[in-house]
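So you know, we letter chains A, B, ... as the sequences are listed, proteins then strands, and number each from 1. Keep in mind that this is a model prediction, so the values were computed, not measured.
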Amino acid sequence: MKKLSFYEKVYAVVQLIPQGRATSYGAIASFLGAKKSARMVGWAMNNSHFLYPPIAAHRVVNRNGMLSGKAHFGDGNTMQKLLEAEGIEIKHDQIQQWAEIFWDPEKVL
DNA sequence: GAGGTGACTGCGA
DNA sequence: CTCGCAGCCACCT
């Protein structure tokens, strides 16, 4: 029985996020069974840039819907541009209609 | 082996 | 309302 690392599971969830939707670190962490381990999700995202294919880390934001990790995408507007390309409206580095854009992994189950 | 860090979150003052 | 602290687990030095 192969036990996947915490961040390996994060990648699986992020890849399941449908286009035009987004989720939060806490939602993923909670889905994995460690609600308070949202930091691990962020750590996984940091490593995501070394992964191939690159996972949609831009679809993962903090629980406020704010692009907390936009600075890690190289430029300060890359993450926002990617989200806007998927039809997500962003204002002041924050996702508009976050309640509708929010995608809960548990909902898929 | 031990200590410090981190793309977060929740609660208390 | 705003600010600060503790918890969580994996990775890096």
Interatomic distance, A:Tyr25 OH vs B:dA7 C1' [rounded to whole Å]:
4 Å
For DNA chain C, note the earliest and the latest nucleotide, 5' to 3', having some atom under 4.0 Å of a heavy atom belonging to chain A.
C:dG7 to C:dC11
How many whole angstroms separate atom CZ of A:Arg63 from atom C1' of B:dC11?
13 Å
Pairs under 3.5 Å (N/O, protein and nucleotides 2-4 of chain B):
none

Work out which heavy atom in A:Glu100 is nearest to a heavy atom in A:Arg21; give both atom names and the distance.
O-NH1, 3.5 Å
Would you say A:His49's side chain and A:His72's backbone share a donor-acceptor pair under 3.5 angstrom?
yes
Starting from the 5' end of DNA chain C, give me the residue, A:Ala38 or A:Tyr7, whose nearest nucleotide shows up first.
A:Ala38
How many whole angstroms separate atom OH of A:Tyr11 from atom C1' of B:dA7?
12 Å
With side chains defined as the heavy atoms from C-beta onward, is the minimum distance between A:Tyr25 and A:Met45 less than 4.5 Å?
yes
Within the side chain of A:Arg59, is there an N or O that forms a donor-acceptor pair under 3.5 Å with the backbone of A:Ile17?
yes
So, do A:Ser37 and A:Leu32 sit near enough that their side-chain heavy atoms are less than 4.5 Å apart?
no
Separation of A:Lys35 atom NZ from B:dG10 atom P, in whole Å?
7 Å
Within the side chain of A:Gln94, is there an N or O that forms a donor-acceptor pair under 3.5 Å with the backbone of A:Met66?
no
Run the side-chain contact (heavy atoms from CB on, under 4.5 Å) check on A:Val60 and A:Ile28 step by step: do they pass?
CA-CA 9 Å; A:Val60 183; A:Ile28 295 173; 4.0 Å; yes
Within-4.5 Å side-chain heavy-atom neighbours: A:His58 and A:Lys81:
no
Look at all strands and tell whether A:His49 reaches a base, only sugar-phosphate, or nothing, counting heavy atoms closer than 4.0 Å.
base
Between B:dT9 atom P and A:Asn62 atom CG, what is the distance in whole Å?
5 Å
Could you identify which residues cluster with A:Ile95, counting Ile, Leu, Val, Met, Phe, Trp and Tyr as linked when any side-chain heavy atoms lie under 4.5 Å apart, either directly or through a chain of such contacts?
A:Val61, A:Leu67, A:Phe73, A:Met79, A:Leu82, A:Leu83, A:Ile88, A:Ile90, A:Trp98, A:Ile101, A:Phe102
Taken to the nearest whole Å, CE/A:Met40 to C1'/B:dT9 is 12 Å
Residues in side chain to side chain contact (heavy atoms under 4.5 Å, CB included) with A:Gln15, at least two apart?
A:Tyr11, A:Ile55
Between C1' of B:dA7 and CD1 of A:Ile55, the distance in whole Å:
11 Å
Considering only heavy atoms, which members of residues 95-107 of chain A lie under 4.0 Å from some atom of DNA chain B?
none
Look only at the side chain of A:Asp104 and the backbone of A:Glu106, and say whether a donor-acceptor pair between them is shorter than 3.5 Å.
yes
How long is the line joining CG of A:Asn64 and P of B:dT9, in whole Å?
7 Å
For DNA chain B, which residues in residues 68-75 of chain A have a heavy atom at a distance below 4.0 Å?
A:Ser68, A:Gly69, A:His72, A:Phe73
If two hydrophobic side chains count as joined below 4.5 Å and joins carry through other members, does A:Trp43 share a cluster with A:Leu51?
no
